[in-house]
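Structure first, then comments.
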Amino acid sequence: MLATSLTTNMFAGIVLVAINPYCDVHLYGNEMIWAYKGQQIGQLDPHIYAISEDAYSEMKTLGRNQSIIVSGESGAGKTVSAKYAMRYFATVAGNEQETAIERRILSTNPIMEALGNAKTIRNDNSSRFGKYVELEFDKQQNIAGAHICTYLLEKSRVVFQASNERNYHIFYQLCAVRDMPEMQHLHLKHPDEFRFTRLGKAPEIDNVDDSETFYEMSEGLFNLGISEDQQLFLFSVLAAILHMGNIEFVEERNDSCSISSEDEHLVIAAKLLGLEVSQLAKWLCHKTLKARNETVVMSLRIKDASAGLEAFVKHIYASLFLWVVKLLNSALTNGKNDAVNFIGILDIYGFEMFEENSFEQFCINYANEKLQQQFNQHVFKLEQAEYIKEQIKWSFIDFTDNQPCIDLIEKKMGIIDLLDEQCRMNRGTDENWVQILYSQLTDSQHFQKPKTGSDQFVIVHYADKVSYRCHGFIAKNLDAVNESHINLLKSSSFEFFPDVLNAKIDLEKRNAKKLELA
């Protein structure tokens, strides 16, 4: 069975190529971990444990930090492979009995999946963010701690899901346990009752019990020392997001709008966020403008108020996500500062191409172009250079270098540069931006203007051609939030909100410090 099952894996130089079997195979238990422990790469069949052991052995022998990059298209099994690598290190770098720090590291998986994974049309458990986990080791090569960095959280999923897709798992998990006594105050219902969880018309996943995964996530929170008050706050804010999606705006004269003070979801959301009902209603329908030495309160049209609410809840969710990451990082340190080496594991979502592709797919595919360049560098360029150096007879492998595509995206006056330039303009629009792309980039072999549709552009990526619709690129790149909404959250009666709002700044400082030390 071992030989048959592992035919889906193969080595290409230092790269493990693994094909997702889309079924459970008994190849990842502790007996397999100890089989690969101490074995040089190539002595046993190709396996994620072989790659993990090679990294661990290199770190021990040479004292050099290591990294494992897990890449591939959406649904290829990247997240599962990353979890198996983490399990390997937690097993071989711990004592015979699992210590607290290893248990905590493994407990982060159900939490991060609940908050950062969702069902897509290609994958029932798709990671909608990038994750880099740095496992820290002491002088005895035992795990001394860990640190998590996250990238590119798909915030738009909080307010919109395509057909047959879901919002983040955590929302459905909370709805599944809504009848628990400690959840009664959240006033949750079936996911079909909330706008933000019914858009994809796929509230359930085959063979997945959302209540069961909630208990796994909750157990992980307790294992990591997240207090009951912090958990209740987390669940309250998540429930408030669902209720905010059901708030109804009423059109008024002079293109303004209002919200009824009796709106059920407004009242519940305000309570769950620790805000006054009147203040939440006011600032969802108004914004402030600074003119010279005075501040003017301006009424919003329904369209603008609705867009503002969506930007508000996306900001809340992203801040909450980073706050949880910050809590996890605090729990993953042993406080001794005795780490001397690390092994990093990068798990970032893979190349994506849907019927309609927007800013999120552009960012994801750009990141994957960079990963593909790393693959080319290690598998082709470095291997062939080594053959030349050792004067080995071989046939030159002609491969496609994707540097021209990366240049198209990131060079001066490339796609990103032109997008940033349009964002700096007072009247910059998506339509103007795409017309500028047409006029300046059509000479590139990796850029195409579609035959139909003036709001789209095509990039010839390493994997395939992808057509992107320009709508929303400028707004998403600016990532603007009404300042009045931020000030509103600062007035919350909940003590945790200041930490939530500062989580991004705190994590950026921590990551910058770690990068400087590295």
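Throughout, residue positions are numbered sequentially from 1 according to the sequence presented. All figures in this text were calculated on a predicted structure; none of them were measured in a lab.
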Legend entry - Side-chain ion pair, Lys155 and Asp479, N-O less than 4.0 Å: yes

Legend entry - Pair Thr288-Thr295, side chain to side chain donor-acceptor pair (under 3.5 Å): steps then yes or no: CA-CA 6 Å; Thr288 57; Thr295 300; over 6 Å; no

Inset, instruction - Count the heavy atoms of every other residue, nucleotide or ligand shown that sit under 6.0 Å from CD of Gln184, and state whether that count exceeds 12. - result: yes

Inset, instruction - Taking only Lys NZ, Arg NE, NH1 and NH2, and the carboxylate oxygens of Asp or Glu, determine whether Glu310 and Arg195 approach each other closer than 4.0 Å. - result: yes

Inset, instruction - Report, as yes or no, whether the 6.0 Å neighbourhood of atom CD on Glu252 holds more than 12 heavy atoms from other residues, nucleotides or ligands. - result: yes

Inset, instruction - Inspect the contact between Glu113 and Lys83 and indicate whether a charged nitrogen and a carboxylate oxygen are less than 4.0 angstrom apart. - result: yes

Inset, instruction - Verify the neighbour count for atom CD of Glu182: are there more than 12 heavy atoms of other residues, nucleotides or ligands below 6.0 Å? - result: yes

Legend entry - Lys/Arg cation over aromatic Tyr172: Arg166, 6.0 Å, 45° cone: yes

Legend entry - Check: Tyr168 ring centre within less than 6.0 Å of Phe321 ring centre: no

Inset, instruction - For the pair Ser467 and Arg469, evaluate side chain to side chain donor-acceptor pair (under 3.5 Å) and give the outcome as yes or no after the intermediate values. - result: CA-CA 7 Å; Ser467 178; Arg469 186 164 177 254; over 6 Å; no

Legend entry - Step-by-step side chain to side chain donor-acceptor pair (under 3.5 Å) determination, Glu216 to Thr213: CA-CA 5 Å; Glu216 292 175 7; Thr213 54; over 6 Å; no

Inset, instruction - Flag the pair Glu165 and Arg157 as a salt bridge only when some basic side-chain nitrogen lies within less than 4.0 angstrom of an acidic carboxylate oxygen. - result: yes

Inset, instruction - Please work out whether the ring planes of Tyr56 and Phe137 are parallel, tilted or perpendicular, with thresholds of 30° and 60°. - result: tilted

Legend entry - Straight-line distance of Lys287 NZ to Ser484 OG, nearest 0.5 Å: 9.5 Å

Legend entry - His243-Phe194 aromatic ring centre distance below 6.0 Å: yes

Inset, instruction - Look at atom CZ of Arg301 and say whether more than 12 heavy atoms of other residues, nucleotides or ligands are closer to it than 6.0 Å. - result: no

Legend entry - Whether over 12 other heavy atoms sit under 6.0 Å from Lys37 NZ: yes

Inset, instruction - Verify the distance criterion only: is there a donor paired with an acceptor across the side chains of Ser211 and Asp209 at less than 3.5 Å? - result: yes

Legend entry - Salt bridge Lys303-Glu251, side-chain N to carboxylate O under 4.0 Å: no

Legend entry - Short N-O contact, Asp347 and Lys131, less than 4.0 angstrom: no

Inset, instruction - Please confirm whether His47 and Tyr28 have ring centers closer than 6.0 angstrom. - result: yes

Legend entry - Whether Phe233 and Phe496 hold their rings parallel, tilted or perpendicular, with breakpoints at 30° and 60°: tilted

Inset, instruction - Verify the ring-centre separation between Tyr49 and Trp34: is it less than 6.0 angstrom? - result: no

Legend entry - Rounded distance (nearest 0.5 Å) linking atom OG of Ser319 with atom CG of Asp499: 12.0 Å

Legend entry - Separation between CE of Met86 and CD1 of Ile48, rounded to the nearest 0.5 Å: 12.0 Å

Inset, instruction - Answer yes or no: is there a side-chain heavy-atom contact under 4.5 Å between Tyr36 and Ser52? - result: no

Inset, instruction - From the options Thr429, Leu419, Asp430, select the one residue that forms a side-chain contact (heavy atoms from CB on, under 4.5 Å) with Cys470. - result: Asp430

Legend entry - Residue pair Met183 / Phe214, side-chain heavy-atom distance below 4.5 Å: yes

Legend entry - salt_bridge(Lys476, Glu360) N-O dist < 4.0 Å: yes

Inset, instruction - Count the heavy atoms of every other residue, nucleotide or ligand shown that sit under 6.0 Å from CD of Glu193, and state whether that count exceeds 12. - result: yes

